[in-house]
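In this chain, residues are counted from 1 in sequence order.
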Amino acid sequence: MPMLKIGQRLNTREGTVVQVERFLASGGQGEVYEVTSARQHYALKWYFYPTTSEQTTQLEEMKKAFAIDGPFSQAPPDSRFLWPITMVNDPRNRTFGYLMPLLPREYQGLERLVLGKMRPVPNFHTLCTAAIQLAQSFKNLHARGLCYKDINLGGPFINPKTGEVIICDCDNVRYNKTPGNIIFIFFAAPELIRGEGNCTSKTDWHSLAVLLFYMFIRHHPLEGKRQLQINVFNEVAQREFYGNKPIFLFDANNQSNAATKGFHDSAIRNWNLYPKFLKRLFRRAFGVGLHNPDERVKESEWIGAFSTLRDSLYYCKKCNSPNFYDFEDHSNGNHQYCWRCQSLADLPMRLEIGDRTLLCTHHMKVYAHHTHSRLNFDDEIARMSQHPHDPSRWGIKNTGSSDWTLRTLDGKSVQVPVGRSVPLKHGLTIHFGSTEGRLLSK
């Protein structure tokens, strides 16, 4: 039975009245309701009544986070966090709650993705966008000296059509080095499981790597052959596998916990989809990063990696399956075997901007990140567009704020105003301003 009644009125810390409109969900810490205040709709998280001294202590710690010097006294470090607005008082002083913005209906939790229940199913381009936004959000959080403490599949929500991200359960956020209990051992950094140290941005780096591995491999990075050798996967075993002796299931130097055919087939298949550069980052995150927090993969590295992964996405011309081109693999020249039908396919036209290469597929976009402002994905420079009278013809449309200069193979220069497109022709050079890009087909 819900703790609050529909129509019940409560007061915020400032004395503003909120009215309970409907029950939304229940979780491990409390319940969530939709409420109204001054004709505006919000979400209200209402904590369960504490029944033990430990729960009472945890509730008091949460209250401190809302104090004048607590993390929630400031504006959110990133607009993608569903940031607490203010506390809501319990008339009986047994618990409390807090207001936050409502989660839009089109967003779904990442646990639905891993369980195969997310609809529509997000494509790889969308997943890369979500990974970039997740890393950006936590980068901005950590830059303020905060840590999320409890990164797991339940916090982030994504729009499966666009990859846009919203991060919930922000009441876990604390200042760096804040002590705290581990709630999700599967995501916790090994040193926290062993009881060494407190939560920091470095422990978040490990949890973020686990989250990203789940998103793209759909498996836990430390659950391999060893798990098959025990009868009961209890807390003792979990602490051994995740904390005391963690071993990556794709560790190149240690096969004692390797992914096993017949048991981890989907993880093996998914792992083999990705280029070498992404595998190297995961091997670092779950290799040296398990034992040396300073060597963990940082958010900016994940942002760059998933941008490169998104740029390398193309589709097999025979079976239309998505593939990622591995620019480090030159064994087949400008070709690559499709993972599904095994046909050797030509790559689409590509745009080379400095050391960055973008394959010209229908959803390719060029951002300031590619031209002059690293990790800036807010400013779009260009995107693919179809010819208005012939959908089979594609070009690169100027969607930035300044004109381009196009240089043809015979040396002629042509101005490309904002809103106009450049045809996909081998050898054309586009001057974006401070940077130039070149279209190549071989």
Side-chain angles (χ1 to χ4, degrees), residues 28-29 54-55 57-58 61 110-111 114 134 138 142 146-156 169 172-260 263-264 267 271 279 281-299 301-302:
Q29 295 177 313
E54 182 180 3
Q55 291 174 343
T57 300
Q58 291 176 1
E61 289 178 355
L110 284 183
E111 72 275 6
V114 174
L134 279 170
F138 287 115
H142 295 150
L146 301 171
C147 61
Y148 189 85
K149 283 186 57 180
D150 195 26
I151 297 174
N152 64 84
L153 288 171
D169 290 342
N172 299 309
V173 171
R174 298 290 186 273
Y175 289 113
N176 264 339
K177 299 184 179 180
T178 298
N181 296 326
I182 297 171
I183 299 176
F184 291 94
I185 191 173
F186 308 100
F187 286 81
E191 64 269 24
L192 292 180
I193 297 173
R194 297 193 298 266
E196 303 167 1
N198 296 318
C199 299
T200 67
S201 57
K202 294 178 183 179
T203 59
D204 274 1
W205 291 344
H206 172 82
S207 304
L208 176 60
V210 176
L211 182 71
L212 293 170
F213 193 84
Y214 258 123
M215 286 176 63
F216 287 84
I217 309 299
R218 310 293 169 87
H219 194 85
H220 194 284
L222 305 179
E223 293 178 5
K225 182 167 58 177
R226 290 192 306 171
Q227 191 176 358
L228 305 175
Q229 299 167 350
I230 61 172
N231 295 322
V232 181
F233 196 53
N234 55 19
E235 185 178 349
V236 174
Q238 291 170 8
R239 289 187 175 276
E240 183 75 4
F241 289 170
Y242 306 138
N244 298 329
K245 295 181 181 178
I247 302 171
F248 186 35
L249 78 164
F250 294 112
D251 193 308
N253 302 311
N254 187 341
Q255 302 299 309
S256 63
N257 192 39
T260 305
F263 295 94
H264 307 122
W271 175 259
K279 294 178 181 177
L281 279 187
F282 278 128
R283 283 190 165 119
R284 193 179 111 209
F286 304 118
V288 64
L290 291 174
H291 312 287
N292 186 346
D294 291 323
E295 295 296 324
R296 288 174 181 158
V297 182
K298 300 173 180 61
E299 307 93 339
E301 296 177 271
W302 288 126

- Item | Sidechain-backbone polar pair: R296 side chain, G289 backbone, donor-acceptor under 3.5 Å | yes
- Query: With a 4.5 Å heavy-atom cut-off, do V297 and W302 have their side chains touching?
  - Reply: yes
- Query: Going by an N to O cut-off under 4.0 Å, is there a salt bridge joining R284 and E301?
  - Reply: yes
- Query: Of the non-hydrogen atoms in C147 and Y175, which two are nearest, and what is the gap between them?
  - Reply: SG-O, 4.0 Å
- Message: Using modelled atom types and a 3.5 Å cut-off, is there a donor and acceptor pairing between side-chain atoms of D251 and backbone atoms of L249?
- Response: no
- Task: Anything under 30° is parallel, anything over 60° is perpendicular, the rest tilted; go ahead and classify F286 against F213.
- Result: perpendicular
- Taking the inter-plane angle between the rings of F184 and F187 on a 0 to 90° scale, is it parallel (under 30°), tilted (30 to 60°) or perpendicular (over 60°)? perpendicular
- Quick one: does N244's side chain have a donor or acceptor within less than 3.5 Å of a partner on R194's backbone? no
- If you round to the nearest 0.5 Å, how far is CD of Q238 from CD of Q227? 9.0 Å
- Can you name the closest pair of heavy atoms from D169 and G155 and give their distance? OD2-CA, 4.3 Å
- Query: Do Y214 and H220 have their ring centres less than 6.0 Å from each other?
  - Reply: yes
- Are L290 and L222 side-chain neighbours, meaning at least one heavy-atom pair lies under 4.5 Å? yes
- Side-chain heavy atoms of M215 within contact of L212, under 4.5 Å: yes
- Check the pair F186, V210 against side-chain contact (heavy atoms from CB on, under 4.5 Å), reporting the backbone distance first and the verdict last. CA-CA 8 Å; F186 308 100; V210 176; over 6 Å; no
- Check whether any side-chain N or O of N172 sits under 3.5 Å from a backbone N or O of D150 as a donor-acceptor pair, and report yes or no. no
- Task: Work out which heavy atom in R218 is nearest to a heavy atom in V114; give both atom names and the distance.
- Result: CD-CA, 4.2 Å
- Query: Can you tell me how far the CG atom of L192 sits from the OG1 atom of T203, to the nearest 0.5 Å?
  - Reply: 5.0 Å
- For the ring pair F241 and F233, is the centre-to-centre distance below 6.0 Å? yes
- For the student: nearest non-hydrogen atoms of A267 and F250, plus distance: O-CZ, 3.7 Å
- Query: If every non-hydrogen atom of P246 is compared with every non-hydrogen atom of G243, which pair is closest and at what distance?
  - Reply: CD-O, 3.6 Å
- Atom OG of S201 and atom CD of E299: how far apart are they, to the nearest 0.5 Å? 7.0 Å
- Query: How long is the span from the CZ atom in F216 to the CG atom in L211, to the nearest 0.5 Å?
  - Reply: 10.0 Å
- Spatial distance of atom NZ (K225) from atom OG1 (T260) [nearest 0.5 Å]: 6.0 Å
- Taking the six-membered ring where the residue is Trp, are the ring centres of Y148 and F138 under 6.0 Å apart? yes
- Message: Rounded at 0.5 Å granularity, tell me how far CG in L281 sits from CZ in R283.
- Response: 11.5 Å
- K298 side chain near H142 side chain, heavy-atom distance below 4.5 Å: no
- Message: For Q229, is the CD atom crowded, meaning more than 12 foreign heavy atoms sit under 6.0 Å from it?
- Response: yes
- Message: Just checking W271 against F248, ring centres under 6.0 Å apart?
- Response: yes
- Item | Residues H206, E191; criterion side-chain contact (heavy atoms from CB on, under 4.5 Å); working and verdict | CA-CA 10 Å; H206 172 82; E191 64 269 24; over 6 Å; no
- Is it true that K149 and E61 have a side-chain N and a carboxylate O under 4.0 angstrom from each other? no
- Item | From CA spacing to verdict: side-chain contact (heavy atoms from CB on, under 4.5 Å), I185, I193 | CA-CA 7 Å; I185 191 173; I193 297 173; 3.7 Å; yes
- Might you point out which heavy atoms bring E223 and H264 nearest each other, and give the distance in Å? O-NE2, 3.9 Å
